[in-house]
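All remarks here apply to the structure that follows.
Computed from a predicted model, the values in this text were never measured in an experiment. First the proteins, then the strands, lettered A, B, ... as listed; each starts at 1.
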Protein chains: 2
Amino acid sequence: MTASPEPQPLTGPVEDYLKAIYDLELVGSPASTNDIADRLAISPASVSGMVRRLADQGLVSHEPYRGVRLTGDGRRAALRTLRRHRILECYLTEVLDYPWDRVHAEAERLEHAASEELVERMAAALGDPVQDPHGAPIPTRDGRVEESALRTLAEAAPGEQVRVRRVHDKEPARLRYLAELGIRPGCHLRILDKAPFDGPITVWVEDAVGGATRAVGVGLAAQVYVESEGQA
Amino acid sequence: MTASPEPQPLTGPVEDYLKAIYDLELVGSPASTNDIADRLAISPASVSGMVRRLADQGLVSHEPYRGVRLTGDGRRAALRTLRRHRILECYLTEVLDYPWDRVHAEAERLEHAASEELVERMAAALGDPVQDPHGAPIPTRDGRVEESALRTLAEAAPGEQVRVRRVHDKEPARLRYLAELGIRPGCHLRILDKAPFDGPITVWVEDAVGGATRAVGVGLAAQVYVESEGQA
DNA sequence: AATCAATTCTAGGGTGACCTAAATCCCATC
DNA sequence: GATGGGATTTAGGTCACCCTAGAATTGATT
Ligand SMILES: [Mn+2]
Ligand SMILES: [Mn+2]
Ligand SMILES: [Mn+2]
Ligand SMILES: [Mn+2]
């Protein structure tokens with residue numbers, strides 16, 4: 001066993017690539033150049049270039065034309081950044097009352113500048129939170145996460161009762177709308193109806209003031225991850 | 001009057017240059033290439049190059065071989081960064097109990113990543129602080145500061161009573177030692193003795209537990225800014 | 001007025017991270 | 001088993017920011 005060498009500091013772009021690849025790899029298959037490019041809003045050619053550099057640094061393994069996988073080092077680095085990102089989101093939301101829809105963008109920049117020490121102080125101040133404001137799990141200090149495979153609200157059947165576990169956090173407008181509907185991680189829903197031809201899903205939102213009926217389009221519903229709690 | 005255009009986002013290095021130039025200009029004369037290089041720990045040749053770019057962006061005016069001055073835009077940008085830096089220092093120290101000697105390094109990175117909104121939330125949480133943990137004045141939102149010209153402890157005469165206003169914040173070791181001595185902004189000192197040939201200055205530290213006598217070398221004393229409070 | 005040391009600038013290089021345009025590869029379909 | 005469209009890589013730039021070496025400028029001193 002070699003003593004783990006101090007992880008050399010990575011650049012901001014590199015950290016963002018690793019996070020993107022980690023995320024894309026979650027579904028099982030290696031991350032494709034195009035998918036990485038889309039996620040980071042840069043050209044595929046740029047991704048090819050960066051992937052070479054990441055491979056040189058031993059952070060990913062690349063089989064040309066076949067996609068990219070994180071190495072052990074790459075995965076650890078990705079999880080470190082993810083931990084920072086999500087703790088920052090928690091801290092901003094809970095302590096500074098930062099608006100729900102904008103914490104992601106702020107954390108996206110701070111994650112590259114905040115030291116381990118700062119982030120751990122924030123975590124301690126919050127009592128070591130286990131998930132971020134959007135329901136994403138926070139990796140532990142030693143790099144463990146349980147990524148539960150969740151269904152989306154779009155896949156739930158009428159009559160089901162579900163608990164919202166997680167929502168996508170990248171689009172402020174979407175988040176603001178979900179907040180308006182009263183749909184946030186932890187809230188309870190009953191699926192009342194599902195219109196045919198990808199029509200809207202009608203849900204009963206338990207936690208809205210006095211409860212409320214809401215119609216949600218499939219596009220939006222596909223961004224809301226839920227866990228079944230039983231049939232009505 | 002033209003409407004003030006939204007200040008375009010500056011890069012981290014540019015913000016650091018502007019802060020350095022602002023600081024160096026405080027003594028009155030334009031900032032020299034060498035002084036900027038020393039302050040930022042980069043080569044003079046690199047400074048020449050960057051100064052050209054800053055001048056192109058209208059942030060400084062450069063008279064070759066004669067030094068650099070901030071323009072109005074440059075000064076405003078410098079003060080914005082300085083405000084961020086100092087509010088961050090306050091927040092880290094007061095809310096997160098971040099160690100006194102390390103806040104500077106942390107703020108040096110965060111100042112380029114934290115949004116205006118975040119910094120203003122921190123300022124509000126602190127009740128709009130007017131100086132940072134090292135005694136430096138915090139520019140207001142609209143870019144006003146009073147930079148009081150202070151004497152250093154090294155210049156104080158025996159018998160004088162002084163209040164410490166500000167200490168240099170760049171060297172952690174120095175800061176830790178000052179903290180040990182009980183010397184921090186706001187504390188009261190009486191100069192008991194000043195040994196000849198740049199010998200140590202003996203002071204009575206009022207605020208140490210029960211008061212204490214301390215000997216301070218001139219080197220260190222020159223980094224401690226004080227305000228006279230009367231003769232004994 | 002000539003000289004010299006320090007300062008500053010210029011020339012020429014390198015790296016990281018992006019781009020567009022033009023190959024090249026893959027594989028699903030014919 | 002050929003072929004074409006989509007995905008990917010390569011080729012060739014750009015820009016910001018840093019470097020070392022060497023040339024030019026300054027102004028202080030003979
Ligand atoms: Mn990021
Ligand atoms: Mn999130
Ligand atoms: Mn800085
Ligand atoms: Mn400070």
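Whole-Å rounding puts the B/Glu63 CD to D/dT26 C1' distance at 13 Å. One interatomic measurement links the two molecules: CG of A/Leu10 to C1' of C/dA17, which rounds to 15 Å at whole-angstrom precision. One can place CG of A/Asp16 at 17 Å from P of C/dG16, the figure rounded to the nearest angstrom. What separates CZ of A/Arg66 from C1' of D/dT9 is a distance of 14 Å, to the nearest Å. Whole-Å rounding puts the A/Glu15 CD to C/dG16 P distance at 16 Å.
Applying the side chain to side chain contact (heavy atoms under 4.5 Å, CB included) test between A/Val103 and each of A/Leu96, A/Leu175, A/Leu92 identifies A/Leu92 as the sole match.
For the pair B/Arg52 and C/dT10, the criterion of a side-chain N or O lying under 4.0 Å from OP1 or OP2 is met. Between B/His62 and C/dC9 there is a side-chain N or O to OP1 or OP2 distance below 4.0 Å.
Under the ring-ring contact (aromatic ring centres under 6.0 Å, His included) criterion, A/His62 pairs with no residue at all, not counting sequence neighbours. Qualifying ring-ring contact (aromatic ring centres under 6.0 Å, His included) partners for B/Tyr225, counting only residues two or more places apart in sequence or in other chains: B/His168.
Within residues 20-27 of chain B, no residue has a heavy atom under 4.0 Å from DNA chain C.
Applying the salt bridge (charged side-chain N to carboxylate O under 4.0 Å, His left out) definition to pairs two or more places apart or across chains, those involving residues 59-75 of chain A are A/Glu25-A/Arg69, A/Asp73-A/Arg76. Listed by first then second residue, pairs satisfying salt bridge (charged side-chain N to carboxylate O under 4.0 Å, His left out) with a partner in residues 105-118 of chain A read A/Lys19-A/Glu108, A/Lys19-A/Glu111, A/Arg84-A/Glu116, A/Glu106-A/Arg109, A/Glu117-A/Arg121, A/Glu117-B/Arg102, not counting sequence neighbours. Pairs passing the salt bridge (charged side-chain N to carboxylate O under 4.0 Å, His left out) check and including a residue from residues 166-175 of chain B, sequence neighbours excluded, read B/Glu147-B/Arg166, B/Glu171-B/Arg174. Applying the salt bridge (charged side-chain N to carboxylate O under 4.0 Å, His left out) test to residues at least two apart or on different chains, none of the pairs has a partner in residues 216-225 of chain A. Applying the ring pair (Phe, Tyr, Trp, His ring centres under 6.0 Å) rule to pairs touching residues 78-101 of chain A yields A/His85-A/His104, A/Trp100-A/His134, sequence neighbours excluded.
Side-chain contact check for A/Ile21 versus A/Leu59: every heavy-atom pair is 4.5 Å or farther apart.
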Generate the contact string for nucleotides 12-21 of chain D. Rules: B means base contact, S means sugar-phosphate contact only, - means no protein heavy atom under 4.0 Å. ----SBSBBB
Produce a footprint string for nucleotides 1-7 of chain C: one letter per nucleotide, 5' end first; B if the base is under 4.0 Å from any protein heavy atom, S if only the sugar-phosphate is, - if neither. ------S
Under 3.5 Å, side-chain donor or acceptor atoms of residues 26-33 of chain A against the rest of the protein: list the pairs with distances, not counting sequence neighbours.
from, atom 1, to, atom 2, distance (Å)
A/Ser32, OG, A/Asp35, N, 3.1
A/Ser32, OG, A/Asp35, OD2, 3.4

For residues 41-55 of chain B, please give each side-chain donor-acceptor pair under 3.5 Å, one per line with the distance, not counting sequence neighbours.
from, atom 1, to, atom 2, distance (Å)
B/Ser43, OG, B/Ser46, N, 3.2
B/Ser43, OG, B/Ser46, OG, 3.0

